[in-house]
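So the structure is just underneath, and the comments pick up after that.
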Amino acid sequence: MADGSGNTQATQVDVTEPTPRRSSWKHIGPGIVVAATGVGAGDLVATLIAGSSFGYTLLWAAVIGCLVKISLAEAVGRWHLSTGRTLFDGWAGLGRWTTWFFVVYVVVWGFVYGAAAMSSSALPLQALFPDVMDLEWWGVACGLVGLVFVWFNKYAVFEKVMTVLVGVMFVVTVYLAVRVTPNLGEAFAGLLPVLPDEEDSVLNTLGLIGGVGGTITLAAYGYWVNAKGWTDTGWMKVMRLDNRVAYATTGIFVVAMLFVGAELLHSANIALAKGDKGLLQLSDILAAEYGEATAKFFLIGFFATSFTSLIGVWHGVSLMFADFVARYRAGDAARGEEIASGARERSLPFRLYLLWLTFPPIVLLFQGQPFRLIILYGVLGAAFLPFLAGTLLWLLNTSRTPAPWRNGPLSNAMLAVAGLLFLVLCVKQIWDQPWSEFF
């Protein structure tokens, strides 16, 4: 039951166990969405740089990164299905501090991310069509297209479009990996956990593990599970298959780009620029090595990667924000059935957050990003995954979750590893900020 303090108990859940659905490939959907949203251009650049710097040495770290994210996303989905409640409802039951963290996070993070997502989607379009308009206006166009698409389409259409774009990403990345002719012997050797013999190799390795696909989109996975119509434990096997497919897909993207980095850049001792512009640099290298057609094909994949992240966040985080507002107003448990009905996607808070992601960030496209805001964005972004792992450990080991669906030893171990990993990366991110210039 829910009380005035916001605490909720697992006794809300219907004790009747739903009939398990058969875990069939035809049900796959939310996993594709979370994979597409979680792997952005920045992830591909980070993997390319790892391949160009260390060859195949850190392939094992990319694989572990996928396993860690599988554990986090599975825990999110299990909470939604086993309790019938949303993740924010679970957070609200842990105390008001979770609400304050979430509010500050979505406001600051959404403002800066909106500009970053639009800019990232604009870069390949400007490279493909250089004489049409400036980068900033390409960014505005991408943001507006994302806004209109998510505003007027419900989850079913959104999922289909994301699936098509993932298909484009898959074909492009696998084609490039095959084209550079990877050394399979060295690749298999890269599955052995070995650290590069260089300064800061431990932190670089942890960064690669932590950067394989996902920030707040991991938390959005449970909302997409509900939006698909999965609202009870009868869908648990289906959800777990869907989740494994998601991060197997993510693993293919990441491994393919690490192959490209190892073969095309490492052997030639070419250093890529950090950030999305590193992918434009790769496009120039591909054009020189394999011709303009390959370079343009890559730019299409670059756009698909960036734009799926844009519309994925436009939809998923807006859905979370709408659920937060509904839970705050009602002061009672937020149910997965509300997400499944599509009511949240038609709500005013959903659309207001869509507007927040789109229009205020346009200012940043033309005037640059405020220094202090970027520092706060980096700190909040780094803090979210430790927050997610820690709260999932709390929620899934207490009476808030029905006993049959609480964490087992393996789930606890994986969430603990994830929490410690992201906490180390969070501390490093905070430590690296130029605080002397902030004040």
Side-chain angles (χ1 to χ4, degrees), residues 32 34-56 58-59 61-63 65-66 69 113 116-128 142 162 165-180 182 187 190 204 207-215 217 246-266 270-287 289-290 294-313 381:
I32 295 296
V34 76
T37 307
V39 179
D43 297 299
L44 297 187
V45 172
T47 309
L48 279 166
I49 290 174
S52 65
S53 300
F54 309 118
Y56 295 101
L58 292 182
L59 182 58
V63 173
C66 291
K69 301 299 173 55
Y113 180 83
M118 287 187 273
S119 178
S120 179
S121 298
L123 281 169
L125 290 177
Q126 189 190 40
L128 285 166
C142 289
M162 292 288 274
L165 292 173
V166 166
V168 174
M169 292 166 59
F170 185 89
V171 170
V172 170
T173 54
V174 171
Y175 166 77
L176 290 177
V178 173
R179 188 69 191 265
V180 299
N204 287 332
L208 180 60
I209 293 173
V212 180
T215 50
T217 56
Y247 283 96
T249 304
T250 299
I252 290 171
F253 294 151
V254 170
V255 169
M257 295 311 286
L258 192 139
F259 282 6
V260 173
E263 290 295 336
L264 191 61
L265 306 177
H266 181 67
I270 298 173
L272 279 188
K274 292 184 178 180
D276 298 344
K277 292 186 178 180
L279 293 183
L280 290 183
Q281 188 181 348
L282 177 63
S283 172
D284 294 336
I285 295 167
L286 288 169
E289 190 74 21
Y290 302 113
T294 297
K296 291 187 182 302
F297 189 51
F298 167 72
L299 288 172
I300 292 170
F302 178 5
F303 172 74
T305 300
S306 297
F307 195 65
T308 51
S309 293
L310 187 152
I311 60 175
V313 167

To the nearest 0.5 angstrom, please state how far the CD atom of Glu289 sits from the CG atom of Leu264. 6.0 Å
Applying side chain to side chain contact (heavy atoms under 4.5 Å, CB included), run through Thr249 and Val39 and close with a yes or a no. CA-CA 10 Å; Thr249 304; Val39 179; over 6 Å; no
Within a reach of under 6.0 Å around OH of Tyr290, are more than 12 heavy atoms found that belong to other residues, nucleotides or ligands? yes
Got Leu48 and Gln281 here, is their nearest side-chain heavy-atom distance under 4.5 Å? no
Please work out which of the three classes, parallel, tilted or perpendicular, describes the rings of Phe298 and Phe302, given edges at 30° and 60°. tilted
What's the verdict on side chain to side chain contact (heavy atoms under 4.5 Å, CB included) for Leu176 and Val180, showing C-alpha distance, side-chain angles and the deciding distance? CA-CA 6 Å; Leu176 290 177; Val180 299; 5.6 Å; no
As a quick check of understanding, evaluate side chain to side chain contact (heavy atoms under 4.5 Å, CB included) for Val171 and Phe297, giving each step before the final call. CA-CA 10 Å; Val171 170; Phe297 189 51; 3.8 Å; yes
Working to the nearest 0.5 Å, report the span between CD1 of Ile300 and CG of Leu128. 6.0 Å
About how many Å separate CG of Leu282 and CD1 of Ile49, when rounded to the nearest 0.5 Å? 11.0 Å
Side chain to side chain, Val260 and Thr47, heavy atoms closer than 4.5 Å: no
Over all atoms of both residues, closest heavy-atom pair of Ala246 and Val34: CB-CG1, 3.8 Å
Would a distance-only check, ignoring hydrogens and angles, find a side-chain to backbone donor-acceptor pair under 3.5 Å from Ser309 to Thr37? yes
Starting at CZ of Phe307, measure out to CE of Met162 and round the result to the nearest 0.5 Å. 9.5 Å
Side chain to side chain contact (heavy atoms under 4.5 Å, CB included) between Thr217 and Val313, worked out: CA-CA 7 Å; Thr217 56; Val313 167; 4.2 Å; yes
Nearest 0.5 Å, what's the OG-CE distance between Ser52 and Met257? 11.0 Å
Kindly give the heavy-atom pair with the smallest separation between Gly55 and Leu258, and that separation in Å. O-CD2, 3.7 Å
For residues Arg179 and Thr294, report the shortest heavy-atom separation together with the two atoms involved. NH1-OG1, 3.3 Å
Restricting to non-hydrogen atoms, name the atom on Leu310 and the atom on Tyr113 that form the minimum distance, rounded to 0.1 Å. N-OH, 4.2 Å
When rounded to the nearest 0.5 Å, the distance separating CG of Leu125 from OG of Ser121 is 7.5 Å
Any non-hydrogen side-chain atom of Ile311 less than 4.5 Å from a side-chain atom of Leu165? yes
Which atoms form the tightest heavy-atom contact between Phe253 and Met169, and what is the distance? CE1-CE, 3.5 Å
When you compare the side chain of Val254 with that of Leu44, does any pair of heavy atoms fall below 4.5 Å? no
Among all residues two or more places apart in sequence or in another chain, which pass the side-chain hydrogen bond (donor to acceptor under 3.5 Å, both in side chains) test with Ser306? Ser120
If the condition is ring pair (Phe, Tyr, Trp, His ring centres under 6.0 Å), which residues does Phe259 pass it with, not counting sequence neighbours? Tyr56
Testing the basics here: between Thr308 and Ala36, what is the closest heavy-atom pair and its distance to 0.1 Å? OG1-O, 3.2 Å
